[in-house]
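Read the numbers this way: they start at 1 and go in the same order the structure lists the ligands and their atoms.
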Amino acid sequence: MKNPQQRGIHELYAQDPERADWLVWGRQVDPITRRGFLTKTSLLAMSAVLGSAIPFAEQMPAGLIPVALADTNEPFTIPGKEGLIILSDKPINAETPAHLLDDDITPINRFFVRNNGIPPVLETIDPNTWTLEIAGESCEKPTTFTLAQLKQQFKNYTYQLQLECAGNGRSEFNPPADGNQWSVGAIGCGQWTGIRLKEVLEACGIKADAVYIGYYGADIHLSGDPTKVVISRGVPMSKALEDETLIAWAMNGEDLPLLHGYPLRLVCGGWPASTAGKWLKRIVIRNKVHDGAHMEGQSYRTPCHPVAPGTKVPDEDMCIIESMPVKSIITFPKSGIVHERSQPLAIRGHAWAGDFEVKEVYVSNNFGTKWQPAELKPPVNRLAWQRWQATLEFPQEGYYEIWVRAVDTQGNSQPMLVPNWNPKGYLNNATHRIAIQVV
Ligand SMILES: Nc1nc2c(c(=O)[nH]1)N[C@H]1C(S)=C(S)[C@@H](COP(=O)(O)O)O[C@H]1N2
Ligand SMILES: [Mo]
């Protein structure tokens with residue numbers, strides 16, 4: 001049965017989409033007009049959510065959100081992201097259950113969301129006046145482009161590219177690592193349309209001493225302090241100049257949704273998704289490793305040499321994460337199903353391997369004793385995940401686990417146990433497991 005709280009929020013969104021941002025952005029935006037009283041629509045909408053009228057509505061102080069909405073243990077849902085599991089609501093972070101990642105191209109409503117700050121307010125974004133500045137000490141001709149200029153002056157490309165948060169799988173590390181406790185769902189493979197970063201950088205002149213690029217976005221620091229940068233990461237020139245590294249304005253054929261960086265974002269497929277800057281305003285070409293927010297210290301870094309679980313690693317012994325490791329998920333069936341023994345069970349999912357291709361996928365129903373090869377499709381383009389499928393038979397009734405393991409073209413295989421403990425809990429690529437009851 002649907003949680004009435006959640007249903008209410010959908011109704012509110014449907015009735016007054018303009019005001020739904022106060023639910024989305026950490027319930028902190030004022031649902032009441034600046035004049036200090038409720039608008040007719042927001043009053044009606046709020047009453048609908050609460051299931052009754054608010055007789056003293058006029059006395060409600062501006063900025064007050066009914067406690068029945070704001071103070072609840074029930075999880076909120078993000079409008080347009082139903083079914084995702086919310087890990088935090090300020091900032092918004094939500095992951096996709098594995099069985100909802102079954103599509104070849106991850107639909108927008110099933111694409112995980114990872115925000116480090118507060119997205120810019122939709123009403124303040126005008127695509128007609130939005131600009132992207134290319135600058136930095138290693139840029140010969142710093143230039144500011146409008147969105148229209150970018151679309152017209154450079155060739156448009158569409159690629160399917162996987163984005164995975166470097167912290168995906170963090171919840172399994174022991175001792176635990178702070179941060180969003182992602183299980184397996186901070187991954188998606190969208191179809192992105194935009195222009196090559198390479199062509200834009202080349203048009204602005206790349207000096208011979210260039211080593212890195214860095215991005216800046218228009219999101220707002222959680223403190224509200226406009227001088228603080230939420231996140232400003234980047235990639236080495238070699239990754240920046242790859243054909244598939246895009247400045248994108250569309251996802252799955254639609255304008256980027258606000259949560260995914262509207263109107264412009266970077267996409268660096270196969271690398272930590274933290275390099276894929278959203279609400280993109282500025283790119284700098286650097287003559288050194290970019291030193292923006294979340295580039296230094298322990299952020300998005302793992303120990304340069306393996307350490308024992310729980311070790312405190314000094315900053316200088318931490319290395320920046322580049323290509324993501326080989327990984328796979330089972331997207332069908334859903335964990336926990338009951339299956340009839342007389343029927344073979346068709347299973348499927350995706351596999352990906354950072355900058356590389358996946359060469360083989362294996363499945364097991366006996367805790368990794370015997371591995372059966374799965375059928376594996378090539379990627380639709382470089383850096384897109386690959387579909388695998390297999391059929392399993394079960395010797396007798398009972399509890400089974402299905403495990404999946406991918407091997408990349410470099411010969412790297414997924415480990416069965418959580419690998420390489422690291423202080424921030426990045427890069428867990430252990431085999432995905434689901435449970436099946438055979439009757
Ligand atoms: N401007 C900006 N870009 C950002 C972030 C952010 O907080 N602000 N988060 C990064 C991180 S850590 C990830 S994992 C991806 C998530 O992209 P998504 O929300 O579209 O799935 O965006 C990256 N780009
Ligand atoms: Mo991330």
For ligand 1, which atoms, with element, lie under 4.0 Å from some heavy atom of [X]?
| X | answer |
| --- | --- |
| Trp279 | 1 (N), 2 (C), 8 (N) |
| His260 | 18 (P), 19 (O), 20 (O), 21 (O) |
| Gly277 | 3 (N), 24 (N) |
| Asn115 | 7 (O) |
| Phe111 | 21 (O) |
| Cys165 | 14 (S) |

Kindly indicate whether a cation-pi arrangement holds for [X] with [Y], taking the cut-offs as under 6.0 Å to the six-membered ring centre and within 45° of the axis.
| X | Y | value |
| --- | --- | --- |
| Arg196 | Tyr157 | yes |
| Arg405 | Trp371 | yes |
| Arg286 | Tyr212 | no |

What do we get for [X] next to ligand 1 when only non-hydrogen atoms under 4.0 Å count, side chain, backbone, both or neither?
| X | answer |
| --- | --- |
| Asn116 | both |
| Pro272 | neither |
| Tyr300 | side chain |

Examine the side chains of [X] and [Y] and answer whether a donor and an acceptor come within less than 3.5 Å of each other.
| X | Y | answer |
| --- | --- | --- |
| Gln386 | Trp388 | no |
| Ser138 | Asn287 | no |
| Glu172 | Asn428 | yes |
| Asn422 | Thr302 | no |
| Gln298 | Asp315 | yes |

Just need the protein heavy atom nearest to [atom], so name the residue and atom and give the distance.
| atom | answer |
| --- | --- |
| atom 17 (O) of ligand 1 | Arg265 NH2, 3.2 Å |
| atom 6 (C) of ligand 1 | Ile231 CG2, 3.4 Å |
| atom 2 (C) of ligand 1 | Asp219 OD2, 3.4 Å |
| atom 3 (N) of ligand 1 | Lys278 N, 2.9 Å |
| atom 24 (N) of ligand 1 | Ala276 O, 2.9 Å |

For the pair Trp352 and Trp385, name the ring-plane relationship: parallel under 30°, tilted 30 to 60°, perpendicular over 60°. tilted

Counting only nitrogen or oxygen atoms and a 3.5 angstrom limit, does [X] reach ligand 1?
| X | result |
| --- | --- |
| Val230 | no |
| Phe112 | yes |
| Ser274 | no |

Quick check on Val113 - does any of its heavy atoms sit under 4.0 Å from an atom of ligand 1?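 Yes.
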
When you measure from the side chain of Thr331 to the backbone N and O of His99, does any donor-acceptor pair fall under 3.5 Å? no

Atom pair CZ/CG of Arg233 and Leu266 - distance to nearest 0.5 Å: 12.0 Å

Just one of Glu242, Gln160, Glu357 clears the side chain to side chain contact (heavy atoms under 4.5 Å, CB included) bar with Arg382, so which one?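 Filter result, single survivor: Glu242.
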
Who gets closest to atom 13 (C) of ligand 1 by heavy atom: Ala273, Ala166, Ser232, Ala186? Ala273

